[in-house]
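The next block holds one structure in the form of C-alpha cells; read it before the comments.
Numbered from 1 within each chain, the chains take letters A, B, ... in sequence-line order.
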Amino acid sequence: MSAEQTLLFWQYASTGILLLVIGFYCLLVTYNLFRVLIGLELLIKGVTLFLLAAGVISGHSALSQGVIITVIVIEVVVMIVAAGIVLGFQDKFDSLNVKNARELKG
Amino acid sequence: MTYLLLLLPLAALVIMNLLPGRFRVRSALLITGAVCIIQIGLVLVHPTGFWDRLIIAQLEPVLGFNLQITWLALVMMAVAGLVSLAALLVAAALWQREFELLNFSSLLLIALIGMNGIAMVNGLFQLYIFIEVTALATFILICLRRDRFAFEGVWKYLLLSVVASVLMLTAVGLSLIFSPSSTFLALRATIPLAAGSFLPRAAIALFLSGLLIKSGVVPFHGWLPDAYQAAPAPVSVLLAGVITKATGVFALIRFVAEVTGPAPVYQVLLLTGALSVVVGALGALGQTDVKRLLAYSSISQVGYIIMALGAGTTFGLIAAMFHFFNHAIFKSQLFANAAALEARAGSTDLNKISGLGGRMPVTSVTLLIGSLSTAGLPPLAGFWSKLAVIMALWLAGQSLYAFIAALASVLTLAYFLFLQRKLFFNKLSPELSGVKEAGPLLLAPAVGLAALTVIIGLALPVYWLLGGR
Amino acid sequence: MLNIMLLVLLVLIALWTALTPLLLRAAIGLALTSVVLTIIMFRFNAPYAAAFELSVCAGLIPVIFISVISLTHRLPLKEFLKRREDRLRRFWPLPLLLLAVAAGLFFVRIPLNITLPWPETIADVRVVLWEYRRTYLFGQLMVLLAGVFGVLVLFRGRNENER
C-alpha cells in the first residue's frame, strides 16, 4: 500500500471522526428530541464517509456503493420511524424535552 | 430451500394484508400462527439435504440469497418460531381491536424474517441489515398502543440502537479496506493476512461493542429495563424472549464463532459477562415492578451466555447456545405470566398487587417453575444449562469466572423468592378480592413453555443415562 | 486540494448544523451536509451512491424533518431567547474540541500495513447488487415494508387511537 493511499485514508478518517465528534456531542448535551435526531443524522453522515473511503482506497467502488445505498435506505426508514416517535412523544408529554419524561426508573 | 424461511413469512404478510372483509383479523392471526408452527416444524423435522435442495431450479437465479444453515441457525429459528407463537397467543387473548391485531401480526412477521435472516446470513454487513430490520419492527411494535411510557422507553432503545449501528457500520467500512468483501469467509481469510495493521483489531473492537450495546450487557444496559417495561404485554414477551437476544447475543455468538477474533476478545467477553451477571442480579433485588425485575434478570442471564462464549471452546459455544435456548423459553414464559397479572390484577407494581396465589393458581405455579429454572434448580432445564456454562468455564481454566457464575445463582434465587413471596404468599390486598385466573388463551403459552422447561429438564439426564451423546 | 477543501467544508457545515439555534435551519444544514457529501461521492467515482444521497438524504429526510417540525408546537419568543442563551452555554466547547481533535489527527499517520485486496472483478454496482448481493436488496425491501407499517402505526395511528 502506497504512502499516497495512507494519506488518503487519514484524510477521510479524520473528517469522519470529526463528524462523529460533532454528532456525539449533540447527543450528549441536548435535551431536545429533534436535536438528538440531527445528531444521529450527523453520525450516519460520518459513517457514510468511512464507507466511501473504503471503496476509494481498496478500489472496490461497486461493492462500497452497494453498501452505501443500502445504508441510505435503512437510514431514511429509521428517521421516518424516529420522527413518528418524536411526534408521539410530543402528543403524550406535550413537549420535546427529554427531561420532562422521567417516569421509567429504578 | 433456505430462502423458504424468508419468503414464507413475506408471502403470509402480503396475503393477510390483501384479504378483504370481516374475517380479516381472525385469518391474519391464523396465518401468522401457521407460519410460526410451520417454521418450528421445518426446523425440527426436515429430510437430509432439504436446505440445499431447490424445488424449481429456475428459481435459483432469482432466489439465490447466499444463505447458510448451521446448527446455530436451527436453534435460533426454532426459538424464534416458538416465542413468536407465544407472543401471538398473548396478543390474541388481550387485544380486540383490528388496528392493533393486524399491525401486530404484520410486524411480528417482519421481525421473524429479520431474525431468520440473522440466523442464516453469511456476512458482516448482511448481519447488520437483518439486525436493523428486526430492530425497526420492534420500535414500531413497542409504540403500537401509544402508551405514555412506550414513547419514553422506545426513545432510549432507538437512540442506543442507532449508536450501535454507527459503530457496527464503521467496522464494516474498516473491514472493506483490507478484505475484498464483508462475508465471514473473506474475513476469516484476510484477518490473519492483515495482522500487522491496526485495522482488523479496530474493526473487531467496534463491531463487538456495537453488538454488546444491542445485547444490553452491563456497561451498556441503561436502555433495556425501560424498553421492556414500556412495551405492551405481548410485545414484551417477544422482546424479552427473543428479539433482543437475536439482535444482540445471538449476533454476537455468530460473530465470534464465524470470525474468530484475537484472544483479547474472549477476555472482554468474560469480563462484561461476569459484570452483567452480578450487576443484573443486584439490580433485580431492589425492583418493585415485575416486568422491570424480569428485565434485570434478563441482563444477568445474558451475562451467563456471554461468559460461556468467552470460554472460547466448542463446549463453551454449546453451553452458550443451550442457555440461550433455555433462557428464551423461561423468560418469555415469565413475561407471559406478567401479562396475565397485568390483565387480571391491573398492574405489575408489586406494591399494588400481592397475595394472588389462591386467586391465580396456574399463573403462580408456572411462575414458580420459570423462576426456579432461571435460578438453576435441578431438575429443571435451567439447571442443566447453567451447569454446562459453569463446566465450560472451569474446563477452559477460568475457575474464577466459574466461581462467580455459581455464586450469582444464589442472588438469582434470592430475588425470585422475594418476587414469589410478595406476589403469591403475602396477604391478599382487599381491592384484588375479585381477581380471577386468566383465560385459557392467555394461559396456554405460559403452561406450554413451563411444560417444555420441565420436560427438557427431566428428559436430558434420562437421555444421557441411555447412552446418548 | 479541492478534495481537502470539500472535506473541510463538510465539517464546517456539520458544525453549523449542530450550533444553529433554529430547528428549521438545522434541518437545512443537514441537507447541505448531504449535498457536500454527494459532491465528494461524485468526484470519487461513486455516481449511484451519490444519486441516492442527493435524492434521499438531501431531499427526503429534510422534508420529513420539516413537516414534523411544523406539526410540533412553536416556543414563545421569550422562551426561545432563553433557550438560545442556554444553548450557547452548552455548545461553546464544541468548536474548541473539534480544533483539538483535528490538530491531534493531523499528526497521526499510523501506517496501515496492509496488502490491498485483489482488484474488483465486477465493477458495476448493478451487477453486484442483483447477482451477488441479493440479500442487500431483500433487506432493503424488508426495511421499507417495516417503514410502511411504521407510518401506519405512528402517523395514521395518531387519529386511530385518540378519538
Side-chain angles (χ1 to χ4, degrees), chain A residues 1 3 5-7 9-15 17-19 21-23 25-26 29-30 32 34-35 37-39 41-42 45-46 48-49 52 55-70 72-77 79-81 83-88 90-91 94 96, chain C residues 4 7 10-11 14-15 17-18 23 26 30 33-34 37 40-41 44-46 48-49 52-53 56-57 60-61 64-65 68-69 71-72 90-91 94 97-98 101-102 105 108-109 111-112 114-117 119-120 122-125 128-129 133 136 139-140 143-144 146-147 150-151 154-155 158:
Chain A
M1 158 169 263
Q5 275 162 325
T6 309
L7 185 68
F9 171 82
W10 279 110
Q11 283 171 2
Y12 277 93
S14 308
T15 316
I17 289 170
L18 289 179
L19 286 180
V21 168
I22 300 176
Y25 196 90
C26 260
V29 302
T30 48
N32 185 313
F34 231 95
R35 292 270 165 202
L37 280 195
I38 284 165
E41 267 290 304
L42 290 176
K45 290 284 167 288
T48 315
L49 198 69
L52 179 71
V56 173
I57 293 166
S58 66
H60 290 197
S61 89
L63 182 63
S64 111
Q65 282 192 72
V67 170
I68 292 176
I69 290 172
T70 314
I72 289 173
V73 170
I74 293 176
E75 172 193 354
V76 67
V77 175
M79 283 302 142
I80 289 174
V81 169
I85 291 170
V86 170
L87 267 187
Q90 148 99 24
D91 287 346
D94 205 27
L96 282 178
Chain C
I4 294 187
L7 291 178
L10 187 65
V11 174
L15 184 65
T17 309
L23 281 179
L30 215 53
T33 319
S34 289
L37 194 56
I40 296 175
M41 280 178 179
F44 276 105
N45 193 21
Y48 291 95
F52 263 78
E53 178 77 27
V56 175
C57 293
L60 187 54
I61 290 181
I64 298 165
F65 277 11
V68 172
I69 290 172
L71 282 175
T72 56
R90 279 182 279 133
F91 270 93
L94 179 58
L97 181 69
L98 274 185
V101 174
L105 284 169
V108 179
R109 286 287 179 274
L112 295 181
I114 50 168
T115 43
L116 286 177
E120 190 161 51
I122 308 117
D124 192 337
V125 58
V128 167
L129 276 180
R133 292 287 180 272
Y136 292 9
Q140 288 179 26
V143 165
L144 287 173
V151 171
L154 292 167
F155 290 88
R158 284 177 94 203

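Residues meeting the ring pair (Phe, Tyr, Trp, His ring centres under 6.0 Å) test with Phe34(A), sequence neighbours left out: Phe65(C). Listed by chain and residue number, Phe91(C) satisfy the ring pair (Phe, Tyr, Trp, His ring centres under 6.0 Å) test with Tyr25(A) (two or more places apart in sequence, or in another chain).
Interface residue Ile69(C): backbone and side-chain heavy atoms are both found under 4.5 Å from chain A. With a 4.5 angstrom heavy-atom cutoff, Gln90(A) touches chain C only via side-chain atoms. Both the backbone and the side chain of Tyr48(C) come within contact range of chain A, each with at least one heavy atom under 4.5 Å from a heavy atom of that chain. Interface residue Leu37(C): only side-chain heavy atoms are found under 4.5 Å from chain A. With a 4.5 angstrom heavy-atom cutoff, Leu7(C) touches chain A via backbone and side-chain atoms both.
Atom OH of Tyr12(A) sits about 10.5 Å away from atom CG of Leu10(C), to the nearest 0.5 Å. Distance check: Leu23(C) CG to Ile38(A) CD1 gives 6.0 Å after rounding to the nearest 0.5 Å. Note that CZ of Arg35(A) and OG1 of Thr17(C) are 9.5 Å apart. Values are rounded to the nearest 0.5 Å. Atom-to-atom distance recorded for Glu53(C):CD and Lys45(A):NZ is 4.5 Å, nearest 0.5 angstrom. Between atom CD1 of residue Ile61(C) and atom CD of residue Glu75(A) there is a gap of 4.0 Å, rounded to the nearest 0.5 Å. Taking CG of Leu49(A) as the start and CZ of Phe44(C) as the end, the distance is 9.5 Å to the nearest 0.5 Å.
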Between Met79(A) and Ile64(C), does a side chain to side chain contact (heavy atoms under 4.5 Å, CB included) hold up when you go through it step by step?
CA-CA 8 Å; Met79(A) 283 302 142; Ile64(C) 298 165; 5.6 Å; no
Stepwise, does the side chain to side chain contact (heavy atoms under 4.5 Å, CB included) test hold for Gln140(C) with Ile69(A)?
CA-CA 9 Å; Gln140(C) 288 179 26; Ile69(A) 290 172; 4.1 Å; yes
Would you check, one step at a time, whether the test side chain to side chain contact (heavy atoms under 4.5 Å, CB included) holds for Leu37(A) with Val68(C)?
CA-CA 12 Å; Leu37(A) 280 195; Val68(C) 172; over 6 Å; no
Take Val151(C) and Ile80(A), measure what side chain to side chain contact (heavy atoms under 4.5 Å, CB included) needs, and give me the verdict at the end.
CA-CA 8 Å; Val151(C) 171; Ile80(A) 289 174; 3.9 Å; yes
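Counting heavy-atom pairs closer than 4.5 Å to chain C, the top residue among Val56(A), Asn32(A), Ile22(A), Ile68(A) is Ile22(A). Chosen from Ile85(A), Val81(A), Val77(A), the residue pairing most often with chain C at heavy-atom distances under 4.5 Å is Val77(A). Counting heavy-atom pairs closer than 4.5 Å to chain A, the top-ranked of the candidates Gly147(C), Cys57(C), Gly150(C) is Cys57(C). Among the candidates Val29(A), Leu19(A), Leu7(A), Ile17(A), the residue making the largest number of heavy-atom pairs closer than 4.5 Å to chain C is Val29(A). When each of Ile74(A), Val86(A), Thr30(A) is checked for heavy-atom pairs under 4.5 Å with chain C, Thr30(A) comes out on top.
The two residues Ile72(A) and Ala49(C) make their nearest non-hydrogen contact at CD1-O, 4.1 Å.
Two residues are said to be in side-chain contact when any heavy atoms from C-beta on lie closer than 4.5 Å; Thr70(A) and Arg133(C) fail this criterion. Contact check for Thr48(A) versus Met41(C): side-chain heavy atoms found under the 4.5 Å cut-off. Put simply, the side chain of Val101(C) reaches to within 4.5 Å of the side chain of Leu18(A), judged on heavy atoms. Within the 4.5 Å cutoff, the side chain of Val21(A) has heavy atoms near those of the Leu98(C) side chain.
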